Undergrad: 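Right, I'll just put the structure down here and ask away after.
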Amino acid sequence: MKVLKFGGTSVANAQNIRLVKNIVSKSKADKTIVVVSALGGVTDLLIKTASLASNQDTNYKIVLKEIEERHLTTIKELIPIANQSKILSKVKSELNTLETLLEGAYLIGEITPKLSDKIVSYGELLSSYIISEFFVVEQLNSTYKDSRELLKTNSAFGKATVNFTITNEYCAAYFSTVKEDIVVIAGFIASSMNSEATTLGRGGSDYTAAIVASATDAEILEIWTDVSGMFTANPKIVKQAMAIPHISYEEAMELSHFGAKVLYPPTIQPVLSKGISIVIKNTFDDENEGTLITKNKNEKGRTVRGISHVENMALLSLEGSGMVGIPGISKHFFEVLSQAGISVVLITQASSEHSICIGIAETDADKAVQVINEAFEYEISLGKIKPTVAEKNLAIIALVGDNMKSHQGLSGKMFSTLGKNNVNIRAIAQGASERNISAVIVKDDVKKALNTLHEVFFEDNTKQLNLFVMGVGNVGNKFLNQIQQQKKYLIENLKLNIRVVGISNSKTMVFDEDGIPLKNWENALTDGEKANKESFFETIQKLNLRNSIFVDNTASDEVSKTYASYLKNSISVVTCNKIACSSDYENYRNLKDLARKYNAPFLFETNVGAGLPIIDTLKNLIASGDKILKIQAVLSGSLNFVFNNFNETTTFHDIVKQAQQEGYTEPDPKIDLSGIDVMRKILILARESGHKIDINEIENESFLPEESLKTNTNEAFFDSLVKYEPHFQKIYKDATEKDCKLKYVAKFENGKASVGLQQIPIGHDFYNLEGSDNIVLFYTKRYPNQPMIIKGAGAGAEVTASGIFADIIRIGNF
Ligand code: ADP
Ligand code: ASP
Ligand code: MG
C-alpha cells in the first residue's frame, strides 16, 4: 500500500492532472491511495466568494463564476467529448448546490463556521471526483471514495480534530476490502459525528494523506508538490536554497511548524508513530529524488538543516513590577489566551520575571490584547502590571537542526549576521529541544534576513555584495569593467559574489534586484528613470538587500552629503570623492563614528594615491601600536605629470591640457594646480594618523599667479596659463640651473601640515619620481630613520578604479 498526495498546483489544470496520472500509473504497489487537493487556488476563491456573499456583496457571483469556469474547462480539456456529459452534469449539479448555499449566506448576511466548511469542501469534492473519472476514462483500475465517510472529526469547524479510533477503523475496513488498485479520495475534508462537512485546516490535504497512510500501515507516504522537496529555505524567497536529501521527522516538523509550507505541520504525527517514511517529490520533475523524511537522526551533514519563517506575527508582552515573585501569573496569562482560542507560537521570559513576551498570529493580536487587559484589569489599575499592547508586522525566522545543541556559537553567528545587516531583533527564543533558534524580526526584513542567514549557513560562505554605483565617468566606467572581468574569479577564489544592483549618473538611474547585466549597463542606464539622489537612496533602502554598498565615483559635494544617511542604514560607503573626508573635522568624525556605530565600513583608500594602499597601511600601523612622527609625500599624480613633462620645449598650458585629457587631473584642473587637492590629501592622512586638523590650518604657498587662482571657469584658467607662460618657464629654469627637479611636496610633522612646490636635488627620494607616480614616506616610532615608503602610479582612472575595487573586497572580508 502506498499513499500519494497531490497538492493544489499539481492538479491546477488538465495539463497537470495528466502528469499526475502518469505518476500514479507508474506507482508499483498492490494498492495506491491517491489523495488530492482542490484545483490550485480554488480554496482561496471559495473563501473569497463566501466572505463576499456574507457581506451581501453581489460580486460573490463573479467569483463563483470563476470557480465554475475553472472546473468546466478542466473537464473539457481532460475528458474526451464522448465521456463528458455525465461528468459535466454531476459537476454542474454540485455547483448548483454550492450556489444555493452562497445565496443563503448572501440573504442572511452572515456565515457560520459550519456553513463555511460546507462551502469550502466543494474544492476537494469536485477535484477528487473529476480526477477519479479521468483515471477511469484512462482505463486505470481505479475507484472513488468519499473521504467524509472515512475521516471522522469533532465539530470544531475550520480546523477539526480527528477521532483516530473511528477513523482508523473505517479506513482499515474500507481499504482492506476495496478491489480496485487505485482509490482516489479528497484531501482536507472530513465529517463530524453528525455527518456535517468539516475541514482539517489550511494545507490539510497532507494531513489526510498521513492519516490514511497510518491507518492502512502504508509502506510509504509520497507528498507530490511544486518543488523538489523540502528546501534549506523557502525556494520562492531564497534563490540559492537547496533541497535537503534526508531529514528527520523532528527536523521536518520543526521546519514546517516555523513556516515551511511544503508540509502541513500535523502531517508528521500519524506517520511518526508507525515509522512510515515520507518522500516529498516534484510533480513537474518526477525524476528528482526529492526529500526523504525518516526517523533517523541526522548524524552527518550540516548542523543547521534549514531556515524557515512565519509571517504575519505579533508580539505581546506582559510586564510590570507587580509580576516579580507572584506565583501563578504566567499560568493565568496562558490560561486566558488558551480560553480565547489563541495559540502561542513563541515564548520568552526574562529571568528577572519582570516580563513575559509571546509571539502570536497577527490575526489574534487585537483579541489577545483585549482578553489580557480584561483579565489583569485589577493589577493594571494598581499600576503593578502595564496595560499590554501588541506590536504587529513581525515575522519569526528559525534555524532548525537536530545537532544544533552540540555546537557552540551558532546563535552568536546567527545574531551577528543579522546585526551586521541592520536587521533589528525584537525577541529571541531557543526551543527546549534545542532543535531550533528563533528570532522575531520586522516583516520587511524577512527576505534580507533569510538570504543572509542562508548564505552564512549553507553557501560555503559565498558572500553576496550588492553594489549601488553613483557616477560612471572615467573612474566609474573602468570600475564596472573591472567587476565584470573579475566576477568569476572572485566567486571561485574569494567566495565573493559581487553584483551591481543600481547605477546612476547625473541624468538617469537604473536598478535590477537580480544584478544589472554588466555587458550591457550603458544601455540599461540610458533607458533608466530620471536620476535623483534622494530616490536613489530611498530605493536602496526599500530594496533592503544584505551587504549593500554605496559607491561614490563622483566629485560632487552634494553626493558626499548623502553618506551619513547610507551609514545610518548600515549601508557601507566606498568613495574616491575626497570632499567628505576633507570637509570640516566634525563631519569627517561624524561619518567615521556612524560607520562604527552601524557596523558599516566607510572606506576611501583612493582619496590618497589612487590605488596605492596608503590609508590602509597607515591604519594597520596605528592599529598595531605604531605612532606617526612625520609624513613626507608627493601626492599629486597630476602635478607630477605636469612637472615631469614641462620644459623649455613645451608650454605649461599644453602640458596641463594633456594631463586633463589623459584623466590625470580632477575635472576642474585648478583644484590640482592650486594645491587644494594635495592639501585635502595630506589633511586626510593627518586625520587618519589621529590628528584633529582642518584644511585652513594647512600652509600653502601657491606657485600659480594670483590671476590664475581667481579664474572661475576652466576656459579662463587655461587662458591665464597661456598669459603667464614666462612665469612658469622661470620656475623651471631656476630649478634646472641648480640641477633640481620640481616636485609638489606635502609634509606633516608635529601636528602641522604644509604643501608647496619644491626644488628637489639629485639623490633625494623624490628625485626619480616618474610620470604620475606618488610617493609617501612614513616616519614612525618603528621606522624613525629609514621611513616606510609606498610608491607607484598615483593617478589615472584604471588605478583609481582598482583602488575602489580593493575597498569593496575589504568589505567583503569584513
Ligand atoms: P501544495 O499545494 O502542493 O500542498 P504548498 O503551496 O502547500 O503546495 O507547499 C509548497 C510550497 O511551500 C512551495 O511552493 C514553497 O513556496 C513553499 N515552501 C516554504 N518553505 C519551504 C521549504 N523550506 N521547502 C520547500 N518549499 C517551501
Ligand atoms: N485546498 C486546501 C487549502 O488550500 C487544502 C490543501 O491544499 O492542502 O488549504
Ligand atoms: Mg500544501
Side-chain angles (χ1 to χ4, degrees), residues 4-12 16 19-20 23 35-48 67 70 116-117 119-128 147 151 158-160 185-190 198-211 222-245 247 251-267 278 280-285 288 290-291 293 304-311 395-401 446-447 450 453-454 458:
L4 275 57
K5 177 259 169 179
F6 293 88
T9 326
S10 305
V11 297
N16 298 0
L19 297 177
V20 168
I23 293 166
V35 181
V36 297
S37 288
L39 308 191
V42 164
T43 308
D44 287 334
L45 291 174
L46 285 162
I47 292 171
K48 188 165 161 199
I67 296 171
R70 286 283 306 274
S116 171
D117 263 9
I119 292 173
V120 169
S121 72
Y122 277 83
E124 266 72 6
L125 278 179
L126 294 174
S127 69
S128 56
S147 48
L151 278 79
K159 194 175 179 177
I185 67 168
F188 181 54
I189 60 176
T198 55
T199 60
L200 304 178
R202 291 307 304 272
S205 296
D206 298 342
Y207 193 30
T208 305
I211 294 165
E222 297 181 1
I223 305 277
W224 290 82
T225 181
D226 60 354
V227 286
S228 299
M230 195 161 221
F231 278 61
T232 47
N234 186 343
K236 302 235 165 92
I237 303 184
V238 178
K239 289 212 181 95
Q240 328 284 344
M242 303 159 268
I244 308 169
I247 192 169
E251 288 171 325
M253 194 141 53
E254 206 82 27
L255 279 172
S256 69
H257 182 70
F258 281 96
K261 186 186 163 216
V262 67
L263 201 64
Y264 184 50
T267 308
I278 306 178
I280 301 185
K281 299 218 12 142
N282 191 345
T283 305
F284 307 94
D285 181 11
N288 197 309
T291 296
I293 308 175
V304 178
R305 305 285 275 158
I307 309 169
S308 53
H309 78 288
V310 195
E311 283 186 12
I396 300 181
I397 44 171
L399 293 192
V400 172
V446 162
K447 191 169 171 200
L450 285 178
L453 291 176
H454 195 269
F458 293 100

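These numbers come from a predicted model, not from an experiment. As the structure lists them, so they are numbered: ligands from 1, and atoms in each ligand from 1. In what follows, every heavy atom counts, from backbone to side chain, and hydrogens, waters and symmetry copies are set aside.
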Undergrad: Would G7 count as a contact of ligand 2 if the rule is a heavy atom under 4.0 Å away?
TA: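 False for this residue.
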Undergrad: Can you confirm whether V304 sits close enough to L453 that some side-chain heavy atom of one is under 4.5 Å from a side-chain heavy atom of the other?
TA: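 No, every pair of side-chain atoms sits at 4.5 Å or beyond.
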Undergrad: Just jot down the ligand 1 atoms closer than 4.0 angstrom to any heavy atom of M230, in number order.
TA: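 It comes down to these atoms of ligand 1: 24 (N).
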Undergrad: Report the part of S205 (side chain from C-beta onward, or backbone N, CA, C, O) that has a heavy atom under 4.0 Å from ligand 2; answer both or neither where that applies.
TA: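 Both parts.
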Undergrad: Under the 3.5 angstrom rule, does the side chain of T267 hit a backbone N or O of A210 as a donor-acceptor pair?
TA: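 Side chain of T267 to backbone of A210, a donor-acceptor pair under 3.5 Å: no, none is there.
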Undergrad: For D226 and ligand 1, answer yes if some heavy atom of the residue is under 4.0 Å from a ligand atom, otherwise no.
TA: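 Distance cut 4.0 Å: D226 passes for ligand 1.
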Undergrad: Please state which protein non-hydrogen atom is closest to atom 6 (O) of ligand 1 and give its distance, to 0.1 Å?
TA: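 Looking at atom 6 (O) of ligand 1, the protein heavy atom closest to it is K261 NZ, 2.8 Å.
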Undergrad: Check each heavy atom of K236 against ligand 1 and say whether those closer than 4.0 Å belong to the side chain, the backbone, both or neither.
TA: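 The answer is the side chain.
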Undergrad: Under the criterion salt bridge (Lys or Arg N to Asp or Glu O under 4.0 Å), I'd like the reasoning laid out for K261 against D206: C-alpha separation, chi angles, the key distance, then a yes or no.
TA: CA-CA 10 Å; K261 186 186 163 216; D206 298 342; over 6 Å; no
Undergrad: Looking only at distance, does T232 have an N or O less than 3.5 Å from an N or O of ligand 1?
TA: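 No, T232 has no N/O under 3.5 Å of an N/O on ligand 1.
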Undergrad: In terms of atom number and element, which parts of ligand 2 are under 4.0 angstrom from non-hydrogen atoms of T43?
TA: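 By the 4.0 Å cutoff, the relevant atoms are 1 (N), 2 (C), 3 (C), 4 (O).
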Undergrad: Write out the residue and atom name of the closest protein heavy atom to atom 9 (O) of ligand 2, then the distance separating them to 0.1 Å.
TA: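 The answer is R202 NE, 2.6 Å.
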Undergrad: Below 4.0 Å from ligand 2: does a non-hydrogen atom of G187 turn up there or not?
TA: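 The answer is no: ligand 2 sits nowhere under 4.0 Å from a heavy atom of G187.
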Undergrad: I'd like to know if G229 contacts ligand 1, where contact means a heavy-atom distance under 4.0 Å to any ligand atom.
TA: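 Contact present.
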Undergrad: Can you pull out the closest protein heavy atom to atom 27 (C) of ligand 1? Residue, atom name and distance to 0.1 Å, please.
TA: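 Result for atom 27 (C) of ligand 1: P235 CD, 3.7 Å.
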Undergrad: Taking only heavy atoms of K5, which atoms of ligand 1 are found under 4.0 Å from at least one of them?
TA: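 Listed by number with element, the hits are 4 (O).
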Undergrad: With a 3.5 Å distance limit and no angle check, can you tell me whether R305 reaches the backbone of L255 through a side-chain donor-acceptor pair?
TA: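 No: the side chain of R305 does not pair with the backbone of L255.
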Undergrad: Do L263 and I293 come close enough that some side-chain heavy atom pair is under 4.5 Å?
TA: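 Contact flag for L263/I293 side chains = yes.
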Undergrad: If I apply the N/O under 3.5 Å rule, does G8 come out as touching ligand 2?
TA: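 N/O-N/O distance below 3.5 Å does not exist for this pair.
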Undergrad: Between the candidates F6, F231, Y264, which shows the shortest non-hydrogen contact distance to atom 24 (N) of ligand 1?
TA: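 Minimum heavy-atom distance to atom 24 (N) of ligand 1 goes to F231.
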Undergrad: With a cut-off of 4.0 Å, which atoms of ligand 2 are near a heavy atom of E124?
TA: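 By the 4.0 Å cutoff, the relevant atoms are 1 (N), 2 (C), 5 (C).
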Undergrad: Hey, does the side chain of Y264 reach the backbone of L200 with a donor-acceptor pair shorter than 3.5 angstrom?
TA: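 It does hold such a pair.
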Undergrad: Identify, by atom number and element, the atoms of ligand 1 in contact range of T225, meaning under 4.0 Å from any of its heavy atoms.
TA: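 Ligand 1 atoms under the 4.0 Å threshold to T225: 1 (P), 3 (O), 8 (O), 10 (C).
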Undergrad: Between K5 and T208, does the side-chain contact (heavy atoms from CB on, under 4.5 Å) criterion hold? Intermediate values first, please.
TA: CA-CA 9 Å; K5 177 259 169 179; T208 305; over 6 Å; no
Undergrad: Looking only at protein heavy atoms, identify the closest one to atom 7 (O) of ligand 2 and say how far it is in Å.
TA: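 The closest heavy atom on the protein side is S37 OG, 3.1 Å.
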Undergrad: Between E124 and I189 (side chain of the first, backbone of the second, donor and acceptor by atom type, cut-off under 3.5 Å), is there such a pair?
TA: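 It does not hold such a pair.
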Undergrad: Do any N or O atoms from the side chain of S127 and from the backbone of S37 form a donor-acceptor pair under 3.5 angstrom?
TA: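 Flag set: sc S127 to bb S37 pair under 3.5 Å.
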Undergrad: Would you check whether A233 reaches within less than 4.0 Å of ligand 1, judged by its heavy atoms?
TA: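 A heavy atom of A233 does come that close to ligand 1.
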Undergrad: Taking atom OG of S116 and atom CD1 of I47, what is their separation to the nearest 0.5 Å?
TA: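 Taking OG in S116 and CD1 in I47, the distance rounds to 6.5 Å.
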Undergrad: Closest by any non-hydrogen atom to atom 20 (N) of ligand 1: pick that one out of A260, G8, G41.
TA: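 Answer by nearest heavy atom: A260.
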Undergrad: Just distances here: any N/O of S10 and N/O of ligand 1 closer than 3.5 Å?
TA: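 No, since none of the N or O atoms of S10 sits under 3.5 Å from an N or O of ligand 1.
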Undergrad: May I ask you to list the atoms of ligand 1 that are less than 4.0 angstrom from any heavy atom of V262?
TA: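 Those atoms are 9 (O), 10 (C), 12 (O), 24 (N), 25 (C), 26 (N), 27 (C).
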Undergrad: Is a side-chain donor or acceptor of S308 paired with a backbone partner of F258 at a separation under 3.5 angstrom?
TA: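 Answer holds: yes.
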Undergrad: Between K159 and D117, does any side-chain N to carboxylate O distance fall below 4.0 Å?
TA: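 No.
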Undergrad: Is the closest basic N to carboxylate O distance between D44 and R202 below 4.0 Å?
TA: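 A salt bridge is present here (some side-chain N lies under 4.0 Å from a carboxylate O).
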Undergrad: Please list the nearest protein heavy atom to atom 17 (C) of ligand 1 with its residue and the distance rounded to 0.1 Å.
TA: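 The closest heavy atom on the protein side is N234 OD1, 3.8 Å.
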Undergrad: Under 4.0 angstrom from ligand 1, any heavy atom of G203?
TA: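 G203: no contact with ligand 1 (<4.0 Å).
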Undergrad: Does A12 offer a backbone N or O that forms a donor-acceptor pair with the side chain of R70 under 3.5 Å?
TA: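 Answer holds: yes.
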